[in-house]
Amino acid sequence: MTTPLDRIRNFSIVAHIDHGKSTLSDRLIQTTGGLTAREMTSQVLDNMEIEKERGITIKAQTVRLKYKARDGLEYVLNLMDTPGHVDFAYEVSRSLAACEGSILVVDASQGVEAQTLANVYQAIDNNHEIVPVLNKIDLPAADPERVRQQIEDVIGIDASDAVECSAKSGIGIDEVLEAIVTRLPPPKGDETAPLKAMLVDAWYDAYLGVVVLVRVIDGRLRVGQQVHMMQTGASYRVDKVGVFTPKTVDVESLGPGEVGFITASIKEVAHAAVGDTITDEKKRTSEPLPGFKEVQPVVFCGLFPVDAADFEDLRAAIGRLRLNDASFSYEMESSAALGFGFRCGFLGLLHLEIIQERLSREFDLDLIATAPSVVYKIKLRTGAEIDLHNPVDMPDPMQIEAISEPWIKATILTPDEYLGAVIKLCQDRRGEQKELSYVGSRALVVYELPLNEVVFDFYDRLKSVSKGYASFDYEIIGHRTGDLVKMSILVNAEPVDALSMLVHRGRAETRGRGMVEKMKELIPPHLFQIPIQAAIGGKIIARETVRALRKDVTAKCYGGDASRKRKLLDKQKAGKKRMRQFGKVEIPQEAFIAALKMDED
Amino acid sequence: MTEAPPVAVYVHWPYCSRICPYCDFNVVRDRGRAAEQAALAAAILVDLETQARRLGPRRLVSVFFGGGTPSLLDPEALGRIVERARTLFPGNGPAEVTLEANPTDAEAARFRAFADAGVQRLSLGVQSLEDSALAFLGRNHSAAEARRAAETARAVFPRLSLDLIYARPEQTARAWRDELAEALALGPEHVSPYQLTIEPGTAFGRAVERGRWRPPDGDLGADLWDVTQAVLEAAGFDAYEVSNHARGDAARSRHNLAIWRGAEYVGVGPGAHGRLDLAAGRLATRAARAIGDYLDRVREAGVGWDEVEALDSSAAAEERLLLGLRIREGVPLAQVKALGLGPDSPRAAVLVEQGLIDIDAERIRTTEAGRLVLDRVLAELIA
């Protein structure tokens, strides 16, 4: 199967959540006849339940559309659906690198959002030709002129011939398809050169095993070919080559500019590195594709079963998830407070939440998650440098020369009236303002912030101070040294390892006070009083006391009450499983989760 | 020949002329149910007889009429039940016969008849001696009426106990001290002060759930408990159980003491619980709660049981512990063997160290501090 290069268009769709990316994708598939109306489930491309619920894409998807254009010729349009969240920035960059152009979908009433910006800049960085599309044009609130102006002012691209459409009502879909053909460039490539293809994504399919999504740059990728992965160094024999229409259709080979999938008896998704260069085992290309990075988790947290007896189930579930998601890492961890569990690394907070949610939903596990922690770089007096994933492993402060923490660049768009509150939030979180400008009536603020201050509840707080109107996106910009200390929480004079964290010295007292106050609310009174302290080294920086229980006795207990009382005690026995015995103190599992979600103001 | 084992008889009379907003017992309004009441009194006799036959020889310790408002029961019908119990379980001494009563003038007028029918001990539901508190508690009598009823009872019955409810909203320690003193001036030999408990499913439970009012915080309950202990102790009353105080051993409720000590008891009447030691082990029985169901059961099976559970050794021991730790004398360790408790068991040792229980080779018992937090102590020992 060969399509001439000038009849191929590879494109992705850039949009903010809810601006209609999935609806438009579905409409394009339907219009070009990829699926019959009956086969269209709502939003074909977002496969996972969680993806549908949250309206986000986690794994890259692709679909090959056949479109007969107004010039009478038939074109192959490959739509690459990219993950829409900053946690998956690297995957997005590889998907974008596999295309020549992007459709920028902007809600014609809402206008440009922070996420739109981050994604469109990435597309521009990949030299994409951009076709702006104003969606939801038929809504009464649509204001295409204002939004067009906004796109030009904020993004700096020509929006005078932006396509107006309504994916939901099917208005302007042909115009979008026509713009893809006429305004986006065809791919370039040399069929006679040695095979050079990009590994765009990989996932585990129950029937096919590991499926690898590829974009061929040069040469030809065939069934039976022996291929070599230039980054991992592994070699495989190609078992199957195909395309998604979106149904899988087998083909003999893929040529330059084409997008499709292969299977090659690859055992684990982890062996298929996103961004790797696939070449012919014998006739290798000289240079791998640029931009390859090894995936590095940036946020870590401990996951423990609520019921210690579920540990093996948790191990199995994490193993299963990892089969399909090589971007999270895990290793066994044991905590004095929480027993056996796993220290897991994630690409970001959304990724963390998704994994946690999938574990509880798909595997029916009750979990306790410890405080998310970023990766600190610790320089020891000996000159050695270590990465710290878990505050528990923090070396003795006497051995430490310096600690550095990851920083991010945050882009926030907010209605003007909440600007003061948003700035205060960023300042409180040790932020440094880099930019403040206006996009129509909204303020665009760029801040540099320590990631450590963001992983806790920054996003929740931002939503709350802006009544949900502020939008937020970020990228990691590197490590910076900071005055960081390890804060421990002591319950009844014993440190609870699962609650210890690294904090900035200047923020330690506030955070320590917040933690002990929260713990005081969450630990029920015991038969003795319980001091709760936050400490840095030997120094107590905050203290609260859970008073001893004064009275707890059933007033009336006669012959008829004995059964009821006994059943109540049985229930308490079961309830104890949900508590963590810590020294003499029982801490409800909710405490571990809630202690980390603090309201500060 | 060894003496037959003791048995207590509990008779549940579910009718009330008004349902109190804090009450979660098995109760119904009595209006328009005269015929049903007669049928129930008759069914109770049958139920009692059937259970007695299953039990074999027992010696009667006590008959306790609870409710509901058993003082609404026809005195003659009550007399027949007492008589039947005495016949079925012949004892070698006089059994204690207790009647719970509301202190209304109408009921007080029948006290003499109840005494003639065999009642020697009256447990009077005074609850409070303040009119505003009685109105809050939804009672159908005034403080003055309660005082009159207590006086009549003193003249008629050899033994008088008063029920009181404390930790009402806005109650102060000083007011409670005065109220207790007033209650003692009525001359009871026994007092049962209960902390107001908000039970789900009651009118109070619903009101609190909807936020209409809030029960007092735990500190007030504890403060008033302290007042209760001090006042009653000074007046010569012995706190022999969590909420029961008696002037001397003879004034203790023999019926309840038997139950707290683990004796067998036969329950008759709708929803009544019983504990019977049969060849197979200890049975926990509960009669059908709805009056119609109870009548049907007795008619069909001769007994009103709706649920019968055979207690295994650990369940039986748990019951022994949760009842036995309520009384000051505690529980013989031999009776709670199944729980593995002893002077050396770590769970017990922690509580001993905290001053909440005492344990020796023979018995385990709560201290006064331990009784105040008994529910938690039990959770530590059992759960």
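Letters go in sequence order (proteins before strands), and every chain restarts at 1.
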Identify which part of B:Arg371 has an atom lying under 4.5 Å from any heavy atom of chain A, answering side chain, backbone, both or neither.
-> backbone
Between A:Tyr558 and the options B:Phe64, B:Tyr265, B:Trp260, the ring-ring contact (aromatic ring centres under 6.0 Å, His included) test singles out B:Trp260
Proximity breakdown for B:Ala272 and chain A, heavy-atom pairs closer than 4.5 Å | neither
Just wondering, more than 12 heavy atoms not from A:Asp396 lying within 6.0 Å of its CG?
-> yes
Is there a side-chain contact between A:Cys557 and B:Leu322 (heavy atoms, below 4.5 Å)?
-> yes
Check: A:Lys551 and B:Leu374 side chains under 4.5 Å, non-hydrogen atoms | no
Option that, when pairs with chain A are counted at under 4.5 Å, heavy atom only, ranks first among B:Leu356, B:Thr197, B:Asn256 | B:Asn256
B:Ser243 side-chain N/O to A:Lys556 backbone N/O, donor-acceptor pair under 3.5 Å = no
Would you mind checking if B:Asp219 and A:Arg547 are paired as a salt bridge, meaning a charged N to carboxylate O distance below 4.0 Å?
-> yes
Check whether more than 12 heavy atoms from other residues, nucleotides or ligands sit under 6.0 Å from atom CZ of A:Phe340, and answer yes or no.
-> no
Indicate yes or no: does A:Arg550 engage B:Asp226 in a salt bridge with an N to O separation below 4.0 Å.
-> yes
Among B:Val350, B:Leu311, B:Asp223, single out the residue with the greatest number of heavy-atom pairs under 4.5 Å to chain A.
-> B:Asp223
Inspect the contact between A:Arg566 and B:Glu318 and indicate whether a charged nitrogen and a carboxylate oxygen are less than 4.0 angstrom apart.
-> no
For each of A:Lys584, A:Lys571, A:Arg564, tally heavy-atom pairs with chain B at distances under 4.5 Å, and name the one with the top tally.
-> A:Arg564
Chain B contact via A:Leu527 - which portion, at a heavy-atom distance below 4.5 Å | side chain
Sort B:Val242 into side chain, backbone, both or neither according to what part of it lies under 4.5 angstrom from a heavy atom of chain A.
-> side chain
Answer yes or no: are there more than 12 heavy-atom neighbours, outside A:Glu331 itself, under 6.0 Å from its atom CD?
-> no
Part of B:Arg326 within contact of chain A (heavy atom distance under 4.5 Å) | side chain
Chain A contact via B:Ile382 - side chain, backbone, both or neither, heavy atoms under 4.5 Å | both
Check whether any side-chain heavy atom of A:Ser563 sits under 4.5 Å from a side-chain heavy atom of B:Glu307, and report yes or no.
-> no
Can you say whether B:Leu378 sits under 4.5 Å from chain A via the side chain, the backbone, both, or neither, judging by heavy atoms?
-> both
For B:Gln354, is it the side chain, the backbone, both, or neither that has a heavy atom closer than 4.5 Å to a heavy atom of chain A?
-> side chain
Going from CG on A:Asp561 to CZ on B:Phe25, what distance comes out if it is rounded to the nearest 0.5 angstrom?
-> 6.0 Å
Shortest non-hydrogen separation from B:Glu319 to A:Ala562 and the atoms involved | CD-CB, 4.0 Å
CG (A:Leu568) and CG (B:Asp375) are apart, to the nearest 0.5 Å, by 8.0 Å
Side chain, backbone, both or neither: which part of B:Leu321 has a heavy atom under 4.5 Å from chain A?
-> neither
Side chain, backbone, both or neither of B:Leu196 within contact of chain A (heavy atoms, under 4.5 Å) | neither
Side chain, backbone, both or neither: which part of B:Ile259 has a non-hydrogen atom closer than 4.5 Å to chain A?
-> side chain
